[in-house]
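Just follow the structure's listing: the first ligand is 1, and inside any ligand the first atom is 1.
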Amino acid sequence: MSMIPLCSTVPTSRQIPGGAWGRSWGWTAREDGALFSAWPGVDLTIAVLDSLIQWSCLCENPTGKSPQEMKIVTKLFSSRLQQKMCSTYVVTFFTLGTVLLFTACSDGHDDYDTRSPLSLRELADGRGILIGSAVGTSSIAHDMQYIDTLAAEFSSITPENAMKWSATEPEHGSYTWENADSIVAFATAYNQAIRGHTLVWPNEFAYKDTPDYVSNAPDAETMQRYIDDHIEAVVNRYMDVVDRWDVVNEPLETLGSELDQNVITATLGEGWIVRAFQQVRRLDPSAKLYLNESLAERPGEKHQGLLTLVRRLISAGAPIDGIGLQSHFLFGPPSIDQMVEVMRDWETLGLDVAITELDIPERQPGEEEAQATSYGNVVAACLSVETCREITFWGFTDKYSWLNSFLGPESRPLLFDQNYNPKPAYFAVHAALVGQE
Ligand code: GLA
């Protein structure tokens, strides 16, 4: 039995600046959820330590989590539990004899990698997909728990607002990059991919992203120049770090299935969309280019409307690589079969799909289990379609969600609660990534 050295630090491949999830205490957890320790060749000792530490862990389980959940919780210790486990460890250690102190440390990093409960990003890596979160600038500036969780669990970041037009170019030709830059710096430091969101979002249903000078452009030619200039500036700045762009966001009516007649489309016709895709392809040929749409995740009129639009755009020359299914499930989540059917339609058209803004509000207070099942279903649907290679959540803690103001804080739509405790939704996503039902 090869083990993790007690005296080692976290293996280099696991070192995550800013947060190590208690992995440096000299013990870790096997895939079956049992904790195990670090001493080479002392299996009996290990077994006793194992039971004692598991026991102390279970004693700290006032919320009655299932054994399966506890497997994961072993990785997400509160410092109080960590301290208790450490003291249990030390006491046991002395009763079993100080001879262990002189035992050499073994090199068990490979075993560590295969036996530890894995983070979402590690599991997603194993499945060949990205697991992402939308990120707000202020949370990465001041909230250490946010930083730790984001770094440990997610392999991709979408700037929630910082890369949008109103944030980066509020006046024509006058750029404010600080917030987007700080998110890019974070993602780079933690080896996370970046989804460029979003170059042009003309739909003004609930939020307005195109600045007034665009809507008030004196003529069509000037409006088109504003769009061209904006795309060029943002893509040139971030093309080295962004690997996929939401070139156009929500071209359709939010609650309909026709092209949205916002001021840009009403002025320029849908040709501006084709031109935007062509421009980004020219500037950043290696990036994947997406059209990102809301409420089109299940079969029905909006899905059909989007298929029709995209076919038209492609035949007019738009180099579209994929469709972003936002997946804000405000009206209830679709079934696995519905999502798979939609994804297969896009696959048939030769396009990738990505789940780009997933959140699932509780529709009744206390609906945590139903919410968890829905989250697991989305992951299972994506994993069952070859061309779905990304699941991005619109945030990960209920502490920060746009739905706290849009629907109210009782909607609790995300994977972690306000105090960063993983919810059933987290475990469901984890299990679905592992491949368990
Ligand atoms: C849309 C946008 C996102 C975000 C959400 C609401 O889905 O694509 O950028 O603004 O609305 O927060």
Enquirer: Give the contacting part of Phe406 toward ligand 1: side chain, backbone, both or neither, where contact means a heavy-atom distance below 4.0 Å.
Expert: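 Under 4.0 Å from ligand 1, Phe406 contributes no heavy atoms.
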Enquirer: What I want to check is whether the side chains of Glu250 and Trp201 have a donor and an acceptor closer together than 3.5 Å.
Expert: yes
Enquirer: Are the aromatic rings of Tyr146 and Phe396 close, with centres under 6.0 Å apart?
Expert: yes
Enquirer: What is the closest protein heavy atom to atom 1 (C) of ligand 1, and at what distance does it sit?
Expert: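 Closest protein heavy atom to atom 1 (C) of ligand 1: Glu357 OE1, 3.4 Å.
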Enquirer: Is the ring centre of Tyr226 less than 6.0 Å from the ring centre of Trp165?
Expert: no
Enquirer: Can you figure out which of Gln326, Glu160, Glu250, Lys164 has its heavy atom closest to atom 10 (O) of ligand 1?
Expert: Lys164
Enquirer: What atoms in ligand 1 come closer than 4.0 Å to a heavy atom of His328?
Expert: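 It comes down to these atoms of ligand 1: 5 (C), 7 (O).
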Enquirer: Given the ring of Tyr290, does Arg195 sit roughly above its face, with NZ or CZ under 6.0 Å from the centre of the six-membered ring and within 45° of the axis?
Expert: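 Output yes; distance and angle both within limits.
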Enquirer: Quick one: list whatever passes salt bridge (Lys or Arg N to Asp or Glu O under 4.0 Å) with Asp321, sequence neighbours left out.
Expert: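 Partners of Asp321 under the salt bridge (Lys or Arg N to Asp or Glu O under 4.0 Å) test: Arg281.
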Enquirer: Which option, Phe205, Trp201, Trp402, owns the non-hydrogen atom nearest atom 12 (O) of ligand 1?
Expert: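 That would be Trp402.
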Enquirer: Taking only residues two or more places apart in sequence, or in another chain, which ones meet Asp212 in a salt bridge (Lys or Arg N to Asp or Glu O under 4.0 Å)?
Expert: Lys208
Enquirer: Heavy-atom contacts with Asn249 under 4.0 Å: which atoms of ligand 1 show up? List them by number with element.
Expert: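 Ligand 1 atoms under the 4.0 Å threshold to Asn249: 2 (C), 8 (O).
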Enquirer: Is there at least one pair of N or O atoms, one from His197 and one from ligand 1, spaced under 3.5 Å apart?
Expert: yes
